[in-house]
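The next block holds one structure in the form of structure tokens; read it before the comments.
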Amino acid sequence: MRKKWLPVAAGFGLGAVMLLTSGFSAMAGTSGYDVYKTALKNTKAAESITSHVDMTVTDNDMEVLSGTAVIKMNHKLKTMSMAAAMKDGKQTHEVQAFRQDGKMIFKSSDQEEYRLMTQNASKWQHKDGAETAPNMPKAAEQVVDALVGNIRDLATVENESDGSKHTELHLSGNQIPAVVNALGSLVASKAGSGDWEHGSRKQAAQSPNPSSDLELNLPKLTDNIKIEHINFDAKINPDQILEKQTAEINITGTDDSGKSHILTVQIHIDFTDYNQTAPDRVDLTGKRITEVQSDGPKRGWHH
């Protein structure tokens with residue numbers, strides 16, 4: 001079944017992020033989690049960082065989607081840049097994004113103009129301007145941690161000879177909590193249906209980064225949907241900072257015809273240039289620019 005790639009990729013991305021969150025939350029209370037949590041805090045505390053992201057989605061070992069991104073963040077200067085590409089095996093869609101001079105700038109490979117948005121203060125800010133958003137996931141982590149139960153005991157940590165550490169959480173079969181299995185099943189069933197595409201044409205026309213004609217073939221799983229395994233691994237350098245993080249999620253199920261499918265999502269992230277990252281800038285001189293604004297998460301983007 002052919003679907004616009006952007007809504008489907010967003011669905012898989014959301015599911016993967018939530019599964020990552022639930023997986024590492026499940027490590028709470030173990031030495032593996034304690035090591036990872038310390039490294040995560042140190043990583044977030046960096047003034048700047050570069051992330052190299054690779055993602056692939058396969059159906060019965062056939063690649064249906066792949067993507068790469070290089071994201072440069074400088075928290076101290078409140079700047080960022082991103083260069084990303086998504087490929088369905090036939091076409092490639094590229095996206096650029098910049099945060100500079102208090103503005104967000106977007107450029108899609110299928111558009112000539114740059115879309116520019118002036119950033120407003122986050123609603124998750126205190127009166128003194130300090131953001132509260134970073135604290136929001138903590139409550140969600142506590143809820144998920146309560147749901148995942150005893151699988152937290154399955155997390156491990158291994159000390160390497162060079163002073164680095166490797167933490168992992170590998171789950172399969174009955175080790176996977178019901179709530180996580182339900183989430184994975186929901187994402188897999190929706191990804192191949194038309195639900196992700198509901199309203200996407202209108203939203204794409206208003207978005208600062210609309211989708212192109214890039215498409216992918218994903219099955220519509222309707223029965224026997226199950227997460228077979230979830231693997232999380234992280235490498236932590238001797239300075240107790242994240243160096244690599246990977247995830248692999250394997251989902252099986254059948255479509256309306258009874259054909260069996262194995263969907264595999266793989267995500268790999270390398271973290272580099274701690275406190276040395278300088279995000280790229282774009283020179284808008286002479287460029288075609290369209291200004292957009294946001295009225296909030298429910299109302300979307302407009303000119």
Side-chain angles (χ1 to χ4, degrees), residues 9-10 12-28 30-57 65-86 94-100 104 131 133-138 140-141 144 155-170 230-249 265-281:
F12 266 112
L14 175 62
V17 168
M18 294 182 72
L19 288 170
L20 276 167
T21 302
S22 63
F24 279 114
S25 294
M27 295 165 66
T30 70
S31 59
Y33 177 77
D34 292 337
V35 169
Y36 177 81
K37 187 174 182 179
T38 298
L40 183 61
K41 287 182 177 180
N42 292 340
T43 303
K44 288 183 176 180
E47 292 183 354
S48 63
I49 189 173
T50 300
S51 302
H52 305 262
V53 184
D54 287 279
M55 181 194 74
T56 60
V57 180
L65 177 67
S66 64
T68 61
V70 177
I71 306 168
K72 300 179 181 180
M73 299 287 298
N74 191 306
H75 303 292
K76 184 177 181 179
L77 299 178
K78 297 182 179 181
T79 58
M80 68 83 66
S81 64
M82 179 189 74
M86 300 291 287
E94 297 178 351
V95 177
Q96 293 177 297
F98 305 88
R99 182 184 181 186
Q100 60 186 53
M104 283 299 302
E131 293 187 7
N135 295 324
M136 296 302 293
K138 182 175 292 186
E141 179 179 321
V144 174
T156 63
V157 59
E158 181 178 349
N159 296 315
E160 305 290 349
S161 59
D162 62 354
S164 63
K165 295 180 176 64
H166 176 249
T167 61
E168 68 175 40
L169 178 65
H170 291 184
I230 303 173
N231 293 339
F232 300 102
D233 294 85
K235 184 176 181 180
I236 300 167
N237 70 18
D239 295 324
Q240 306 305 305
I241 295 176
L242 281 175
E243 184 175 317
K244 299 178 186 294
Q245 184 164 300
T246 64
E248 180 176 308
I249 303 166
V265 181
Q266 294 178 313
I267 301 172
H268 180 101
I269 308 174
D270 289 323
F271 301 96
T272 64
D273 298 327
Y274 289 94
N275 298 327
Q276 298 180 6
T277 293
D280 299 322
R281 291 179 59 89

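One-based numbering along the sequence shown.
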Quiz item: Will you find, in the side chains of Gln245 and Tyr36, an N or O donor that is under 3.5 Å from an N or O acceptor?
Solution: yes

Quiz item: CG/Asn74 to CD/Gln100 distance, rounded to the nearest 0.5 angstrom?
Solution: 13.0 Å

Quiz prompt | Donor-acceptor side-chain pairing of Asp54 and His52 below 3.5 angstrom | solution = no

Self-check item: Sole residue of Asn275, Leu77, Thr277 in side chain to side chain contact (heavy atoms under 4.5 Å, CB included) with Glu47
Solution: Asn275

Practice problem: Evaluate the side-chain proximity of Tyr274 to Thr43: yes if any heavy-atom separation is below 4.5 Å, no if none is. | Solution: yes

Quiz item: Does Met82 reach the side chain of Gln96, with side-chain heavy atoms less than 4.5 Å apart?
Solution: no

Quiz item: Are any of the side-chain heavy atoms of Thr156 and Glu158 separated by less than 4.5 Å?
Solution: no

Exercise. Evaluate side chain to side chain contact (heavy atoms under 4.5 Å, CB included) for Met104 paired with Met80, printing each intermediate quantity in order.
Key: CA-CA 9 Å; Met104 283 299 302; Met80 68 83 66; 4.3 Å; yes

Quiz item: Between Ser48 and His75, is any side-chain donor less than 3.5 angstrom from a side-chain acceptor?
Solution: no

Exercise. Determine yes or no for a side-chain-to-main-chain donor-acceptor pair under 3.5 angstrom, with Asn42 supplying the side chain and Gln240 the backbone.
Key: yes

Quiz prompt | Side chain to side chain, Ile236 and Thr167, heavy atoms closer than 4.5 Å | solution = yes

Quiz item: In Å and rounded to the nearest 0.5 Å, what is the CD1 to CD1 distance from Ile49 to Ile241?
Solution: 8.0 Å

Quiz item: Do the side-chain N and O atoms of Ser66 and Thr56 include a donor-acceptor pair separated by under 3.5 angstrom?
Solution: no

Quiz item: Just wondering, do Lys235 and Ser164 contact through their side chains at under 4.5 Å, heavy atoms?
Solution: yes

Quiz prompt | Spacing of CD belonging to Glu160 relative to CG belonging to Asn237, to within rounding of 0.5 Å | solution = 12.5 Å

Quiz item: At their closest point, which heavy atom of Met55 faces which heavy atom of Ile267, and how far apart are they?
Solution: CG-CG1, 4.0 Å

Exercise. Establish, from distance only, whether the side-chain atoms of His166 and Asn159 form a donor-acceptor pair under 3.5 Å.
Key: no

Quiz prompt | Inter-residue atom distance Asp233.CG - Lys244.NZ, 0.5 Å rounding | solution = 12.0 Å

Quiz prompt | pair Ile230-Glu248: side-chain heavy atoms closer than 4.5 Å | solution = no

Quiz item: Is there side-chain contact between Lys72 and Asp273, with heavy atoms separated by less than 4.5 Å?
Solution: no

Quiz item: Is the shortest heavy-atom distance from the side chain of Thr50 to the side chain of Thr272 under 4.5 Å?
Solution: yes

Quiz prompt | Point-to-point distance, once rounded to the nearest 0.5 Å, from OG of Ser81 to CZ of Phe98 | solution = 6.5 Å

